[in-house]
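None of the values given here were measured: they were computed from a predicted structure. All values below were derived from every heavy atom in this structure, side-chain atoms included, with hydrogens, water molecules and symmetry-related copies excluded. Order of the sequence lines fixes the chain letters, A, B, ..., with proteins taken first and strands second; residue numbering starts at 1 for each chain.
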Amino acid sequence: MTLRIATWNINSLRLRLPLLDRLVEALNPDVICLQETKVPDELFPAEALAPLGFPHVHYKGMKGYNGVAILSKIPLTSHDDAPDWCAKSDCRHAGVILSVPSGPIELHDFYVPAGGDIPDPVANPKYGHKLDFIAETRNWFTARNLTRTVLVGDLNIAPLEHDVWSHKQLLDVVSHTPPETEGLTAWLNAGFTDAMRHFVPDTEKLYTWWSYRNRDWRGSNRGRRLDHIWVTPDLKPKLAGMTIHTDARDWPQPSDHVPVCVELKV
DNA sequence: ATGGTGGGCAACCCA
């Protein structure tokens with residue numbers, strides 16, 4: 001089958017419910033992984049989502065912040081055997097097993113801490129938390145021997161020179177500092193390949209996020225690639241397509257992130 | 001060098 005998996009930092013699921021119709025129309029995904037749902041589980045809008053046509057859901061949310069959700073047309077079972085990252089119980093990760101006819105596929109949906117403004121773990125504990133988080137996830141995935149696994153999400157780090165509009169100007173801006181980019185690359189190398197860069201050479205600019213604090217986001221185009229799709233090497237020959245739906249940045253009341261979708265022949 | 005905008009949720013926290 002052709003399996004399409006989309007990832008999107010929706011920045012409030014309840015506020016942007018109507019935009020999910022546009023996402024489905026544009027990308028026709030089988031699975032949607034969301035971040036920053038900002039809704040506690042007891043208030044998850046299951047009824048409002050029902051007409052969208054994704055009967056299988058798995059979500060982990062909390063009041064006000066963070067939160068992840070997986071909406072699927074394919075039957076799934078929850079697979080939350082991962083540790084409580086940094087012992088914070090802050091709803092930044094959901095794992096599922098997708099019951100694909102050719103065999104199960106493991107799927108991880110992550111929302112990595114943004115890390116605050118100051119790139120110093122002592123002066124800014126949020127930055128320290130971010131570095132600790134990606135060290136823990138890296139170690140956990142290294143210790144497992146993964147196949148048929150997809151990892152997606154808002155990883156809040158733009159690892160490559162051309163994942164930001166100006167490598168030089170962002171080297172000490174949180175999201176592109178060497179400790180972050182090196183940490184993210186080490187996590188990637190714990191058993192994955194970068195599915196987006198499989199389709200677009202490292203020398204080409206690639207963004208998934210544009211700040212709200214920019215009047216003309218398209219004109220100035222000061223973007224960053226904060227959202228990622230990784231697959232285990234056995235799935236690399238199955239990669240059939242990748243779309244960054246940049247137009248979503250102009251939807252009414254947009255998220256500052258745009259959806260990314262990958263197509264796998266599995 | 002600074003401040004710019006947006007969401008949650010009721011004062012600021014977070015991005």
**Q** Taking for each residue the nucleotide of DNA chain B with the nearest heavy atom, is it A/Asp256 or A/Leu13 whose nucleotide lies nearer the 5' end?
**A** A/Leu13

**Q** Distance check, P atoms only: B/dG4 and B/dC9, in whole angstrom units.
**A** 25 Å

**Q** Pick the closest DNA chain B nucleotide for A/Gln253 and for A/Asn156 by heavy atoms, then say which residue is nearer the 5' end.
**A** A/Gln253

**Q** Strictly by ring-ring contact (aromatic ring centres under 6.0 Å, His included), give each pair with a member in residues 147-179 of chain A just once, sequence neighbours left out.
**A** A/His167-A/His176

**Q** According to salt bridge (charged side-chain N to carboxylate O under 4.0 Å, His left out), does anything in residues 187-205 of chain A pair up with another residue at least two apart or in another chain? List the pairs.
**A** A/Asp163-A/Arg197, A/Asp194-A/Arg225

**Q** Across the strands shown, which category fits A/Arg222 at heavy-atom distances under 4.0 angstrom: base, sugar-phosphate, nothing?
**A** nothing

**Q** Quick one: side chain to side chain contact (heavy atoms under 4.5 Å, CB included) partners of A/Asp172, sequence neighbours excluded?
**A** none

**Q** With side chain to side chain donor-acceptor pair (under 3.5 Å) as the test, pick out the partner of A/Trp210 among A/Asn221, A/Asp216, A/Asp256.
**A** A/Asn221

**Q** Could you measure between the two C1' atoms, the one in B/dA15 and the one in B/dG3, and give it in whole Å?
**A** 16 Å

**Q** Show the atom names and distances, to 0.1 Å, of all donor-acceptor pairs under 3.5 Å that link a side chain in residues 114-124 of chain A to residues at least two apart or in another chain.
**A**
unit_1   : atom_1 : unit_2   : atom_2 : d
A/Asp120 : OD1    : A/Val122 : N      : 2.7
A/Asp120 : OD1    : A/Ala123 : N      : 3.0
A/Asn124 : OD1    : A/Lys126 : N      : 3.1
A/Asn124 : ND2    : A/Gly115 : O      : 2.9
A/Asn124 : ND2    : A/Ile118 : O      : 2.8

**Q** Using a 4.5 Å cut-off between side-chain heavy atoms of Ile, Leu, Val, Met, Phe, Trp and Tyr, which other residues end up in the same hydrophobic cluster as A/Trp209?
**A** A/Leu226

**Q** What distance, rounded to whole Å, do you find between the two P atoms, one in B/dT2 and one in B/dG7?
**A** 27 Å

**Q** For DNA chain B, find the residues of residues 163-178 of chain A with a heavy-atom distance under 4.0 Å and give them by number; none if there aren't any.
**A** none

**Q** For residues 4-13 of chain A, which residue pairs qualify under salt bridge (charged side-chain N to carboxylate O under 4.0 Å, His left out), counting only residues two or more places apart or in two chains?
**A** A/Arg4-A/Glu263

**Q** Check every nucleotide of DNA chain B for an atom under 4.0 Å from a heavy-atom of chain A, then give the first and the last such nucleotide from 5' to 3'.
**A** B/dG4 to B/dA15

**Q** Name every donor-acceptor pair, under 3.5 Å, that has one atom in a side chain of residues 51-64 of chain A and the other anywhere in the protein, sequence neighbours excluded.
**A**
unit_1  : atom_1 : unit_2  : atom_2 : d
A/His58 : NE2    : A/Asp80 : OD2    : 2.7
A/Lys60 : NZ     : A/His93 : O      : 2.8

